[in-house]
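The structure under discussion appears below in the form of structure tokens.
Order of the sequence lines fixes the chain letters, A, B, ..., with proteins taken first and strands second; residue numbering starts at 1 for each chain.
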Amino acid sequence: MSEEIEDLLTYAKSLLDSTLVRGPVRIRITEVEAYAGPLDPASHAFKRTPRSEPMYGPPGHAYCYFTYGLHWCLNVVWGPPGTAAGVLLRAGEVVAGHQLVRERRGTTLVERDLARGPGRIGNCLAIGPEDIGLDLVNGDDLTLVMRSGPEPVIVSGPRVGVLRAADRPWRFWIEGDRTVSPYKRHSQAPAIGS
DNA sequence: TGACAGATGTACT
DNA sequence: GTACATCTGTCAG
């Protein structure tokens, strides 16, 4: 494995237990997935297109994309400009601003499920097209606060919901955390090992 | 638990 | 013009 990818995976793990803040809403990140840009067939940046252009920008910025006609998902761009790698935030736990999140999401979900899934995180934080390219590190609207405490126990596994290169173990989550998304393998992804 | 419908932007032909 | 997508909510069994 190249050093660049090792660094990406280390960064992805460092995001676990970090916090995303937007106004009164705070979400503790419990599950992430790494995408290695042009080196990764599952990444949107595998091909450089107008949509994936933000991935080629500076690190620490947001790459937001709209999928399935319904959901906005949030990635954190990683690496020097041109690397086009990023980390998808797959699940988290709402630790503050529950009331506002419930207003956005409706009240049917139990607290654990409020940010359980990439689309739900986007919904909780009101992610939209205006957030593409936003600076998450120095910004004052949507901010990523890195973990300051000890590293949690981290488990890795194959990626979820992607059709290509699904068996790369680039998904990381906090062991035993009940907010980790339950989603399964892409229905058309080949079996692991094939 | 599993299957599927849903809405629309993006990429490819 | 067409196929598909880093998904979620709902319903049937």
Side-chain angles (χ1 to χ4, degrees), chain A residues 5 8-9 11-13 15-16 20 27 29-57 59 61-79 83-94 101-134 136 144 156-173 178-192:
Chain A
I5 288 177
L8 168 64
L9 301 186
Y11 176 69
K13 286 184 273 192
L15 291 179
L16 291 172
L20 269 172
I27 294 179
I29 299 165
T30 60
E31 183 183 359
V32 298
E33 233 167 60
Y35 289 89
L39 305 174
D40 183 357
S43 171
H44 285 176
F46 185 61
K47 287 181 180 165
R48 189 166 188 163
T49 63
R51 180 174 66 150
S52 64
E53 196 59 34
M55 291 277 274
Y56 286 82
H61 286 233
Y63 166 55
C64 312
Y65 65 90
F66 187 65
T67 187
Y68 291 93
L70 292 171
H71 311 292
W72 282 93
C73 301
L74 175 63
N75 288 248
V76 183
V77 176
W78 173 88
T83 307
V87 178
L88 169 68
L89 308 182
R90 285 202 61 87
E93 176 188 8
V94 178
V101 168
R102 284 187 180 280
E103 282 174 14
R104 285 177 184 153
R105 292 202 46 83
T107 55
T108 55
L109 288 174
V110 298
E111 188 168 315
R112 185 194 67 177
D113 287 346
L114 287 174
R116 194 186 193 200
R120 290 170 179 173
I121 288 185
N123 200 326
C124 286
L125 294 170
I127 299 298
E130 67 278 4
D131 298 315
I132 296 171
L134 213 63
L136 299 176
L144 177 64
S156 68
R159 294 183 290 189
V160 180
V162 299
L163 186 53
R164 295 173 288 268
D167 54 347
R168 296 187 188 182
W170 291 357
R171 181 167 67 105
F172 302 98
W173 65 95
R178 298 191 64 192
T179 61
V180 170
S181 61
Y183 303 110
K184 23 185 195 291
R185 193 168 181 80
H186 191 289
S187 58
Q188 293 167 43
I192 293 177

Inset, instruction - Convert the base pairs of DNA chain B into dot-bracket notation, remembering that pairs crossing earlier ones are written with [ ] and that bases paired across to another strand are shown as |; include only Watson-Crick or G-U pairs under 3.5 Å. - result: ||||||.|||||.
Legend entry - Nearest-nucleotide pick for A:P118, side chain only, options being B:dA11, C:dT8, B:dT8: C:dT8
Legend entry - Closest nucleotide among C:dG9, B:dA11, B:dG9 to the A:R120 side chain: C:dG9
Inset, instruction - May I have the distance from A:I127 (atom CD1) to C:dT8 (atom C1'), rounded to whole angstrom? - result: 17 Å
Legend entry - Whole-Å gap separating P (C:dC4) and CZ (A:R164): 11 Å
Inset, instruction - Calculate the interatomic distance between A:R171 atom CZ and C:dC7 atom P; express it in whole Å. - result: 11 Å
Inset, instruction - For A:Y56, enumerate each residue passing the ring-ring contact (aromatic ring centres under 6.0 Å, His included) test, keeping only those at least two apart in sequence or located in another chain. - result: none
Legend entry - Under 3.5 Å: donor-acceptor pair, side chain of A:R116, backbone of A:V180: yes
Inset, instruction - Please report, rounded to the nearest Å, how far the C1' atom of B:dT10 is from the CE atom of A:M55. - result: 15 Å
Legend entry - Spacing between A:H71 atom NE2 and C:dG9 atom P, to the nearest angstrom: 7 Å
Legend entry - Interatomic distance, A:I132 CD1 vs B:dT10 C1' [rounded to whole Å]: 12 Å
Legend entry - Nearest-angstrom distance from the residue atom CD1 of A:I121 to P of C:dT8: 9 Å
Legend entry - Nearest-0.5 Å distance, CG of residue A:L89 to CG of residue A:L16: 9.5 Å
Inset, instruction - State the CE-CH2 distance between A:M55 and A:W78, to the nearest 0.5 angstrom. - result: 11.5 Å
Validation: residues 31-39 of chain A side-chain donor-acceptor distances under 3.5 Å, sequence neighbours left out:
from: A:E31; atom 1: OE1; to: A:S181; atom 2: N; distance (Å): 2.7
from: A:E31; atom 1: OE1; to: A:S181; atom 2: OG; distance (Å): 2.7
from: A:E31; atom 1: OE2; to: A:R171; atom 2: NH1; distance (Å): 2.6
from: A:E31; atom 1: OE2; to: A:S181; atom 2: OG; distance (Å): 3.3
from: A:E33; atom 1: OE1; to: A:Y35; atom 2: OH; distance (Å): 2.5
from: A:E33; atom 1: OE2; to: A:R90; atom 2: NH1; distance (Å): 3.4
from: A:E33; atom 1: OE2; to: A:V160; atom 2: N; distance (Å): 3.1

Inset, instruction - Kindly state whether the pair A:Y68 / C:dA5 counts as stacked, where counting means centroids closer than 5.5 Å and planes tilted less than 30° apart. - result: yes
Inset, instruction - Please state whether the phosphate of B:dC12, meaning OP1 or OP2, lies under 4.0 angstrom from any side-chain nitrogen or oxygen of A:K47. - result: yes
Legend entry - N/O donor-acceptor pair under 3.5 Å between A:S52 side chain and A:F46 backbone: no
Legend entry - Rounded distance (Å) that lies between atom P of C:dT8 and atom CG of A:L70: 10 Å
Inset, instruction - Give a yes or no answer on whether the side chain of A:N75 reaches the backbone of A:V77 with a donor-acceptor pair at less than 3.5 Å. - result: no
Inset, instruction - Report yes if at least one side-chain N or O of A:R51 is closer than 4.0 Å to OP1 or OP2 of C:dA5; otherwise report no. - result: no
